[in-house]
Participant: 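I am attaching a structure below and will ask some questions about it afterwards.
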Amino acid sequence: QSPREKGKRKHWDDALKAMQAHFKGLKATGGAGLALLMDATPSPTLRHQVQALKKALPQLRVYVDDPAWPESHHAGMALLGFERANLLYKLDKAKVVLAVDADPLGVDGDSVRNAQQFSVARFQEPDMDRTRSWMTRLYAVEPHFSLTGQTADNRLRASGRLCGRFLVALAAQLQKDGVDLGMPSQPATEIQRWAQAMAAETGKKAERFLAWPRELSHELRFNREKAAVIVGPRQPAWAHALAYVINLALQNVGHKRPTMLVPDPEARFDGTLADLTRELKAKRVQTLLMLGTNPVYTAPVDVNFKRLLSGVALSIHLATHVDETSARCTWHLPMTHYLEAWGDLRASDGTVSIQQPLIAPLHDAWSPVSLLARLLGGKATGHEALKAFWKNQTQGAGFDDRWQKWLHEGVTDLATPRPTKPTPEPERLDAALKGLPAPTRPKGIELVFALDSKLYDGRYANNAWLQELPDTHSKLTWD
């Protein structure tokens, strides 16, 4: 592979010379009209480079194109006044888990960690540990059959729009039973309204559904400090905020509790692909740099990103191969596979791991870290940029020995952010709940887009081997 300008092969020196000249010209306007589109890979080094680029070009806007990025979770935390915080669950500490349109054991969030911890709490024999004589109970309210729903003791099938409303009914029931949620009380009629909406949706009697908020209120109250209410990424921001308020009121949030709020040291994105689309339609983007994403293929069909991309004066796409987006960009730049590149990753609990290549790049390709290092005016390789970043972060003697230890261990010995328990600001959440329309009988069919256990959001569809893996439930392949 080699760089291409409007489909014609070029040398890397030609590509860098053209881009560095263009970015030098952007400094005069502070980066006006410049946008960066990237996935949500939590790389501290890459995020630091992006912030350095924003410092040099203050009007640069950074957007995320990642269907699996928990946008609604971050919006929900912002609704409570928490701008930079991630939720981390410790299911081995939970006696009761409620999953609302969530698949924490399957494809949502820290699925490997969640499954391991849940298994410890769920399947450990009492005589193996005399201090533990209980087994975690799992409840699931979901619109489609998930691995979590399959494992649940009690599962309720509900449309996606009524999953969130179930949380409102549960909050009303908890407040009715004397739990102070730190916000105005939800009308008790919300319980009946939700049950009636469920009855209209399923054709069954409403009394059958009234038991769910009532029994779960009892379970959660009886197991204070040892329960977790988890909401999935398809639910709106207010549902995530309400779940946190419920967890906090039941004392389930804390360092040794099932739910932890961990500060996120990385800066937030300026918007999503939808926000970038609006900017493109308004002709406010003249230069677009894309790192590893393929929006022409992944964007909703009604967006017509291909047409919008043609209106950008200069488009640069770093990708592993000439895909649908590269074919329509001014510049295509070959990107290394992640197994060929140096990098780093920050886990949800703050642990940092060093990404080491298994082989040297098979082609003349660069990683996002290498490209941004050049755009920032340096000449460092990906390895050099990575090591220089962490040396600057540690600011201590003997870094080379420490670096070798990191490479040997696979993870760093850096301190992780301590969990916090800030007091939420419920005013905006209360306003959002008051603005909800009354739940009514649905019209037509509800379409649910769910992550796949093999192809995820479709980004791995070109790997035919993954197509041969059996389905989690049906065990069918190539289906």
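Numbers here are sequence positions counted from 1. Since the model is a prediction, treat every value here as computed from it, not as a measurement.
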Participant: Can you tell if the side chain of I359 reaches within under 4.5 Å of the side chain of E340, non-hydrogen atoms only?
Facilitator: yes
Participant: Is L88 close to P419 at the side-chain level, that is, under 4.5 Å between some pair of heavy atoms?
Facilitator: no
Participant: Side chains of H317 and D323: closer than 4.5 Å at any heavy-atom pair?
Facilitator: yes
Participant: Ring-plane angle category for W406 and F399, please: parallel below 30°, perpendicular beyond 60°, tilted otherwise.
Facilitator: perpendicular
Participant: For atom CZ of F145, is the number of surrounding heavy atoms from other residues, nucleotides or ligands below 6.0 Å larger than 12?
Facilitator: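 Correct, the count exceeds 12.
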Participant: Please check if any side-chain donor atom of N114 sits under 3.5 Å from a side-chain acceptor atom of Q117, or the reverse.
Facilitator: no
Participant: So among V64, D66, L345, which one has a side-chain contact (heavy atoms from CB on, under 4.5 Å) with T41?
Facilitator: L345
Participant: Taking atom types as modelled, find out whether T45 and D344 have a side-chain donor-acceptor pair closer than 3.5 angstrom.
Facilitator: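 A donor-acceptor contact under 3.5 Å links the two side chains.
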Participant: How about D471 and K454: do any of their side-chain heavy atoms sit closer than 4.5 Å?
Facilitator: yes
Participant: Name the atoms and distances for all side-chain donor-acceptor pairs under 3.5 Å in residues 373-383, with sequence neighbours left out.
Facilitator:
residue, atom, partner, partner atom, Å
R374, NH1, A380, O, 2.6
T381, OG1, E384, N, 3.2
T381, OG1, E384, OE1, 3.4

Participant: Give a yes or no on whether a salt bridge exists between D101 and R161, defined as a side-chain N under 4.0 angstrom from a carboxylate O.
Facilitator: no
Participant: Check whether any side-chain heavy atom of D275 lies under 4.5 Å from a side-chain heavy atom of D270, and answer yes or no.
Facilitator: no
Participant: Taking all non-hydrogen atoms of both residues into account, name the closest pair between L46 and M38 and its distance.
Facilitator: CD2-CE, 3.7 Å
Participant: Side chains of T325 and N294: do they bring a donor and an acceptor to under 3.5 Å?
Facilitator: yes
Participant: Within this structure, what is the CG-CG distance for the pair L105 and D103, rounded to the nearest 0.5 Å?
Facilitator: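 Here the interatomic distance stands at 6.5 Å.
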Participant: Show the numbers, then the answer: is there a side chain to side chain contact (heavy atoms under 4.5 Å, CB included) between L288 and L276?
Facilitator: CA-CA 10 Å; L288 178 59; L276 174 60; 4.1 Å; yes
Participant: Considering only NZ, NE, NH1 and NH2 on the basic side and carboxylate oxygens on the acidic side, decide whether R113 and D349 come within less than 4.0 Å.
Facilitator: yes
Participant: May I ask you to say whether K90 pairs ionically with D92, meaning some side-chain N is under 4.0 Å from a carboxylate O?
Facilitator: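 So K90 does not pair with D92 through a salt bridge.
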Participant: Using 0.5 Å steps for rounding, measure from the CG atom of L79 to the CH2 atom of W238.
Facilitator: 11.0 Å
Participant: In plain terms, say whether E266 and R346 are close enough for a salt bridge, that is, a side-chain N and a carboxylate O under 4.0 Å apart.
Facilitator: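 Here E266 pairs with R346 in a salt bridge, since their nearest N and O are under 4.0 Å apart.
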Participant: In this structure, which one of R155, R234, R157 forms a salt bridge (charged side-chain N to carboxylate O under 4.0 Å, His left out) with E142?
Facilitator: R155
Participant: CG/L36 to CG/L57 distance, rounded to the nearest 0.5 angstrom?
Facilitator: 11.0 Å
Participant: Decide yes or no for D452 and V107: does some side-chain heavy atom of the first lie under 4.5 Å from some side-chain heavy atom of the second?
Facilitator: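 Sidechains of V107 and D452: no contact.
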Participant: For a quick test of reading the model, state the closest non-hydrogen atom pair linking S348 to D110 and the distance between them.
Facilitator: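 That would be OG-OD2, 2.5 Å.
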Participant: Sequence neighbours left out, what passes ring-ring contact (aromatic ring centres under 6.0 Å, His included) with F269? Give chain and number order.
Facilitator: W69
Participant: Going from NZ on K391 to CG on L386, what distance comes out if it is rounded to the nearest 0.5 angstrom?
Facilitator: 13.5 Å
Participant: Is there a side-chain contact between W12 and L333 in this structure, where contact means two heavy atoms from C-beta onward sitting under 4.5 Å apart?
Facilitator: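 Yes. Closest side-chain heavy atoms under 4.5 Å.
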Participant: Measure the CG-CD distance between L26 and Q59 for me, rounded to the nearest 0.5 Å.
Facilitator: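 Reported to 0.5 Å precision, the distance equals 10.5 Å.
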Participant: Is a side-chain N or O of D364 found less than 3.5 angstrom from the main chain of S2, in a donor-acceptor match?
Facilitator: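 Judged by distance alone, no pair lies under 3.5 Å.
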Participant: As a test of understanding, state which of T394, D413, T412 forms a side chain to side chain donor-acceptor pair (under 3.5 Å) with R402.
Facilitator: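 So, applying the side chain to side chain donor-acceptor pair (under 3.5 Å) to R402 and each of T394, D413, T412, only D413 qualifies.
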Participant: Hey, is D14 close enough to K8 for a salt bridge, meaning N to O under 4.0 Å?
Facilitator: no
Participant: Does any non-hydrogen side-chain atom of K6 lie less than 4.5 Å from one of T330?
Facilitator: yes
